[in-house]
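Okay, so here's the structure we're looking at.
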There are 2 protein chains.
Amino acid sequence: MADNQKCPDCKRINEVLSRVGDRWSVLVVISLAEHGTLRFNELKRHLGISQRMLSLTLRELERDGLVIRTYHPVIPPKVEYALSALGKSFREPVIALGLWAHDNLPNIDVSRERYDATKEKQKKTGSSL
Amino acid sequence: MADNQKCPDCKRINEVLSRVGDRWSVLVVISLAEHGTLRFNELKRHLGISQRMLSLTLRELERDGLVIRTYHPVIPPKVEYALSALGKSFREPVIALGLWAHDNLPNIDVSRERYDATKEKQKKTGSSL
DNA sequence: CCGTATCCGATGAGATACTG
DNA sequence: CAGTATCTCATCGGATACGG
């Protein structure tokens, strides 16, 4: 329910985030972008992700066409993951976000400290703003 | 546990997403970017968000210094929210993401259909890849 | 009007154990 | 090695009700 969305942009953004907006998806894409091709356990080690979440994430990314899964029928089994063209193109907006973060995370930290300090004082004085 | 993160980029991205990566935060920033200044219930209507989530989201955004909350002590109460300079700067990487989405969501849809269709066939034939 | 508090179901995510 | 299956706990997020 609640299709109260007036602005079309909100709907779009919502759609994006619903698909590729979760933490692990982004991290996997970044990892593959850097290393080119990785095996299941390599990704697992690099990201510090649980087996379960990696499995689920990779399946979704493959389904969405961002990563390509290549199964080599050898013993022991060998499966390689790489970015598709779509996956590579996704890297750019993510990098933009990363740059913004690099520039502004310190600002956020400062703001948080100030905010928390202010709230503490308000508790003491009991002031109602 | 699991500080297995080898690549520093992953840590950074993780930090970004932890702060401003949730759906509602992004949507609120977009809304404020478009309308300039909005009251609590205006935001609520525009986004189709629940009172609870809007309250939580706005508090976090204010704490992070992305939005500025202005309380007008009149009757009935009036509170206005607007983007800070930091909040405005955040809009740009988000727009980049929105553009990517606009261009590529159809591709994702196609990919999903193909994937699902393939999986269906595999179930019928019982093929193991 | 602007919130906070409470309850509750749905989802996210790690740990563990097991199969091919 | 590359997963799947459970179990379990935390967090997300809506609905509702109440207070300033």
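Every chain is numbered from 1, with letters handed out A, B, ... down the list of sequences. Values below: every heavy atom of this structure, side chains too, minus hydrogens, waters and symmetry copies.
For DNA chain C, the stems formed by at least three consecutive Watson-Crick or G-U pairs, with both atom-pair distances below 3.5 Å, span C:3-20 with D:1-18.
When the side-chain nitrogen and oxygen atoms of B:R69 are compared with OP1 and OP2 of C:dG3, one or more of them lie within a distance under 4.0 Å. Checking the phosphate oxygens (OP1, OP2) of D:dG13, no side-chain nitrogen or oxygen of B:S50 falls inside 4.0 Å. Distances shorter than 4.0 Å separate none of the side-chain N or O atoms of B:R52 from OP1 or OP2 on D:dT16. Taking 4.0 angstrom as the limit, A:Y81 places a side-chain polar atom (N or O) nearer than this to OP1 or OP2 of D:dG3.
One atom, CZ of A:R59, and another, P of C:dA13, lie 15 Å apart when rounded to the nearest Å. For B:Y71 and C:dG3, the OH to P distance is 9 Å, given to the nearest whole Å. One interatomic measurement links the two molecules: CG of A:L54 to C1' of D:dC1, which rounds to 13 Å at whole-angstrom precision. Rounded to an integer number of Å, the gap from CD1 of A:I49 to P of C:dA13 is 9 Å. Atom CD1 of A:I75 and atom P of C:dT19 are 18 Å apart (whole Å). Nucleotide C:dA10 holds its P atom 21 Å from the CG atom of A:D22, rounded to whole Å. In this structure, A:M53 atom CE and C:dT16 atom C1' are separated by 16 Å, rounded to whole Å. When the P atom of C:dG3 is taken as reference, atom NZ of A:K119 falls 10 Å away, rounded to whole Å.
Counting only heavy atoms from C-beta outward, the side chains of A:H35 and A:E42 never approach each other to under 4.5 Å. For the pair A:F90/A:L83, no side-chain contact is recorded, criterion being any heavy-atom separation below 4.5 Å from C-beta on. Looking at heavy atoms from C-beta onward, A:L97 lies out of side-chain contact with B:L97 at the 4.5 angstrom threshold.
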Could you go through residues 47-57 of chain B and list every donor-acceptor pair under 3.5 Å that involves a side-chain atom there, pairing it with any protein atom two or more places apart or in another chain?
from  : atom 1 : to    : atom 2 : distance (Å)
B:S50 : OG     : B:M53 : N      : 3.3
B:T57 : OG1    : B:M53 : O      : 2.6

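Comparing D:dC1, D:dG14, C:dC2 by their nearest atom to the side chain of A:P76 picks out D:dC1. The side chain of B:R39 sits closest to C:dC2 out of C:dC2, C:dT4, D:dG3.
Salt bridge absent: B:E62 and B:R59 never bring a charged side-chain N and a carboxylate O closer than 4.0 Å.
Just one residue in the list B:L66, B:V94, B:V26 forms a side chain to side chain contact (heavy atoms under 4.5 Å, CB included) with B:V20, and that residue is B:L66.
Place B:Q51 and A:L56 on DNA chain D by their nearest nucleotides, and A:L56 ends up nearer the 5' end. Along DNA chain C, the nucleotide nearest to B:K78 and the one nearest to A:P77 differ in position, and the one closer to the 5' end is contacted by B:K78.
Between B:Y81 and B:F40, the two ring planes are tilted [angle within 30° to 60°].
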